[in-house]
J.: 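I have a structure here, written as structure tokens, and I will follow up with some questions on it.
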Amino acid sequence: MKNESIPEPSEAAAPAKHFIRQIIEDDLRAGKNGGRVVTRFPPEPNGYLHIGHAKAICIDFGMALEHGGECHLRMDDTNPTKEEVEYIESIQEDVRWLGFDWGKHFYFASDYFGRMFDCCAELIRKGKAYVCGLTQDEWSKTYRGAPPAAGQPSPYRDRPAEESLRLFEEMRAGKHADGALCVRAKIDMASPNLHLRDPVLYRILHAGHPHTGNTWCVYPTYDFAHPLEDAFEGITHSLCTLEFEVHRPLYDWVIDNLDNLPSRPRQYEFARLNLTYTVMSKRRLLELVNEGRVRGWDDPRMPTIGGLRRRGYTPEAIRAFVEAVGVTKFESLSDVALLEHCVRDDLNKRAARRLAVLNPRRVVIENASEIPAEVDAVNNPEDKSAGTRKVPFSSELFVEADDFMENPPPKYFRLTPGGSVRIRYAGFLTCLRVEGDAVVCRWSPPEAALKVKGTIHWVSAKHAVPAEVRLYDRLFSVEDPMAKAAAEGKDYHEFLNPDSLKTATGFVEPGLAAANPLERFQFERLGYFCVDPDSKAGRLVFNRAVTLKDTWAKVAAKA
RNA sequence: UGCCCGAUGGUGUAAUGGUAGCACAACUGACUCUGGAUCAGUUUGUCUAGGUUCAAAUCCUAGUCGGGCAGCCA
């Protein structure tokens with residue numbers, strides 16, 4: 001049935017074979033890991049997820065999904081002094097919203113504390129780890145050393161295994177204060193890679209843990225815990241960001257020096273996502289919230305998943321963006337315009353069209369007796385199945401103030417004195433005169449087929465419903481606020497965009513009064529908008545996700 | 001400073017020794033009851049210097065620039 005001369009459409013749509021896809025597919029071809037692909041997304045529950053995490057989520061879950069594997073969601077909670085339960089819920093919500101499913105594979109690193117303790121004891125028994133009594137200060141100032149110079153061995157390095165084992169048990173039993181002792185791997189004090197100079201495997205932390213409570217007062221470090229978590233869960237491809245590259249030899253050391261681990265995971269690193277006109281670090285985002293620069297973690301200007309969701313961005317758009325950005329080891333700065341393109345591209349196909357006027361100008365129709373009571377409007381020209389709706393019409397309209405000019409510049413295609421325009425779905429208006437704040441017009445039916453160059457949107461003044469419309473723009477006015485601040489010795493706050501939020505009180509067509517929170521629409525000729533959760537019956541609130549492309553704005557800006 | 005990693009148009013990426021391609025952005029034009037969408041087109045690129053090779057973005061060496069590491073953070 002297939003016509004061989006027509007190329008497979010899937011070929012053109014095939015996603016880029018980035019290096020991680022390449023590795024996974026090579027492994028599969030070579031029959032590694034029994035043909036299984038198991039990945040994991042391991043957030044530390046110490047903050048809200050942002051679009052940078054979305055990239056990692058799409059890669060972690062995406063690679064598994066694409067190759068018939070599974071992806072585990074794992075809370076990497078090895079440091080009770082930094083983590084909070086509050087975030088565990090929101091992380092799950094965000095991953096789910098992005099469209100990914102971990103099935104039954106929801107784990108906590110802390111669930112493995114018992115096994116990890118045993119692994120550490122095994123290393124001690126083998127003479128590959130020891131309990132060290134040096135203070136942090138002594139270690140970093142006099143023993144660790146700084147490359148190219150080698151470090152000096154800890155005086156405790158050759159402590160007999162039995163003694164270390166006994167002390168390790170005492171650490172667990174709570175007999176020692178925070179920092180008094182720690183367990184170190186015995187690797188190489190002369191290594192040019194500092195992570196191999198007897199790194200800490202276990203430390204004492206007398207702190208309540210959000211998940212294990214007071215069961216433990218010794219906790220494994222990331223470097224010891226992570227390879228174990230991966231091995232315990234049978235992870236095949238442990239994908240993380242570039243800053244862990246130098247940790248990989250230690251990751252491998254842990255796995256290679258332990259017997260009876262159930263699997264042999266491999267770590268691969270890719271570049272994290274950076275976006276223009278925003279900041280991405282948890283610390284900076286927290287500052288913006290705490291300083292009241294934004295209204296909260298889910299403020300629609302924030303690059304958090306919660307913020308993007310509230311702004312009206314779709315999971316599909318975010319996933320398309322991540323795919324478009326690609327996966328490499330190059331630390332790049334991606335243009336937020338590409339994200340916005342993905343949002344428009346998705347919403348154009350799916351969002352129902354509605355009429356709304358943000359900055360009203362009153363129009364009075366003189367031949368009121370000739371006008372219809374309502375008109376038919378197409379819900380989505382990109383999707384016939386969306387159907388049509390009735391929109392009430394009357395002799396008094398609101399149009400956008402920008403759509404009328406008494407002294408128009410050249411190439412202005414909208415309403416002008418003596419001129420005519422089409423009004424969307426409802427025939428034509430010809431401007432007769434201006435009377436006070438009102439533009440007086442004569443109405444003509446669609447059949448009149450007046451020759452006009454423009455179409456403007458409108459709402460019937462007596463039927464329209466008032467709405468608060470929040471117009472968002474970029475949070476910062478420069479592409480790379482952190483880099484610019486560093487280069488110019490300034491504070492990044494100086495580059496905050498003072499106009500990142502403008503509020504308009506507009507009017508929307510009456511059907512919109514019944515819209516649900518987070519429902520998305522295109523307001524014709526204006527952009528894509530989303531019902532804010534603040535919205536209530538009688539007090540509608542919309543967020544602008546993104547404007548429509550506006551070529552007139554460019555022409556006007558040049559003139 | 002030592003080690004590790006990286007460098008392709010304005011931005012993000014592809015090309016796996018054999019015609020430097022795609023997307024976004026920008027700019028033209030066509031079309032249009034959204035100055036939207038769509039369609040057609042244009043501009044712009046292999047960090048530098050050597051080497052290997054019939055042939056180098058790709059391999060080698062050196063340099064330049066950028067990023068990372070030097071927590072008992074992750």
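Just so we're on the same page: letters track the sequence lines, and every chain starts at 1.
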J.: May I ask you to check whether over 12 heavy atoms, not counting those of A/Arg144, lie within 6.0 Å of atom CZ?
T.: yes
J.: Flag the pair A/Asp76 / A/Pro43 as yes when at least one side-chain heavy-atom distance between them is below 4.5 Å, and no otherwise.
T.: no
J.: Using the P atom as the point on both nucleotides, what is the distance between B/rG18 and B/rA55, in whole Å?
T.: 14 Å
J.: Can you pull every protein N or O that's under 3.5 Å from an N or O on nucleotides 15-18 of chain B?
T.:
from	atom 1	to	atom 2	distance (Å)
B/rU16	N3	A/Gln22	OE1	3.1
B/rU16	N3	A/Gln22	NE2	3.2
B/rU16	O4	A/Gln22	OE1	3.2
B/rU16	O4	A/Gln22	NE2	2.0

J.: Between the side chain of A/His226 and the main-chain N/O of A/Asp223, is any donor-acceptor distance below 3.5 Å?
T.: no
J.: Is a side-chain donor or acceptor of A/Glu138 paired with a backbone partner of A/Thr135 at a separation under 3.5 angstrom?
T.: yes
J.: Side-chain N or O of A/Lys554 versus OP1/OP2 of B/rA26: is the shortest distance under 4.0 Å?
T.: yes
J.: Can you check side chain to side chain contact (heavy atoms under 4.5 Å, CB included) on A/Ser238 and A/Arg40, steps first, answer last?
T.: CA-CA 7 Å; A/Ser238 184; A/Arg40 99 271 94 107; 3.1 Å; yes
J.: I need a per-nucleotide contact map over nucleotides 67-74 of chain B, read 5' to 3'. Cutoff is protein heavy atoms under 4.0 Å; write B for the base, S for backbone only, - otherwise.
T.: SBSBSBSB
J.: Side-chain contact, heavy-atom cut-off 4.5 Å: A/Leu355 with A/Phe523?
T.: no
J.: Should B/rG71 be called syn or anti, with syn set as within 90° of 0?
T.: syn
J.: Are the side chains of A/Arg389 and A/Arg354 in contact, using a 4.5 Å heavy-atom criterion?
T.: yes
J.: Without swapping roles, check the side chain of A/His209 against the backbone of A/His211 for a donor-acceptor pair under 3.5 Å.
T.: yes
J.: Distances under 3.5 Å only, N/O to N/O: pair up the protein atoms with those of nucleotides 59-62 of chain B.
T.:
none

J.: How far does the C1' atom of B/rG10 sit from the matching atom of B/rU43, given to the nearest Å?
T.: 11 Å
J.: Please give the distance between the C1' atoms of B/rC54 and B/rC47 as a whole number of Å.
T.: 27 Å
J.: Taking atom P in both B/rA62 and B/rG2, what distance in whole Å separates the two?
T.: 14 Å
J.: Which letters describe nucleotides 28-38 of chain B, given B = protein heavy atom under 4.0 Å from base, S = only from sugar-phosphate, - = neither?
T.: -----BBBBS-
J.: Can you find a heavy atom in the side chain of A/Leu512 that is under 4.5 Å from one in the side chain of A/Phe542?
T.: yes
J.: If you measure from the C1' atom in B/rU13 to the same atom in B/rG45, how many Å do you get, rounded?
T.: 12 Å
J.: Could you spell out the base pairing of RNA chain B as a dot-bracket line? Use Watson-Crick and G-U wobble contacts where both distances are under 3.5 Å, [ ] for crossing pairs, | for partners on a different strand.
T.: (((((((..((((....[..)))).(((((.......)))))....(((((..]....))))))))))))....
J.: Would you mind writing out the side-chain donor-acceptor pairs for residues 324-332 of chain A within the sub-3.5 Å range, not counting sequence neighbours?
T.:
from	atom 1	to	atom 2	distance (Å)
A/Thr328	OG1	A/Phe330	N	3.1
A/Lys329	NZ	A/Glu245	OE2	2.9

J.: If I pick the C1' atom on B/rU64 and the same atom on B/rA25, what distance separates them, to the nearest angstrom?
T.: 29 Å
J.: Is it true that, when you exclude A/Arg442 itself, more than 12 heavy atoms of the residues, nucleotides or ligands shown sit nearer than 6.0 Å to its CZ?
T.: no
J.: If only atom types and distance count, is the side chain of A/Asn380 paired as donor or acceptor with the main-chain N or O of A/Lys349 below 3.5 Å?
T.: yes
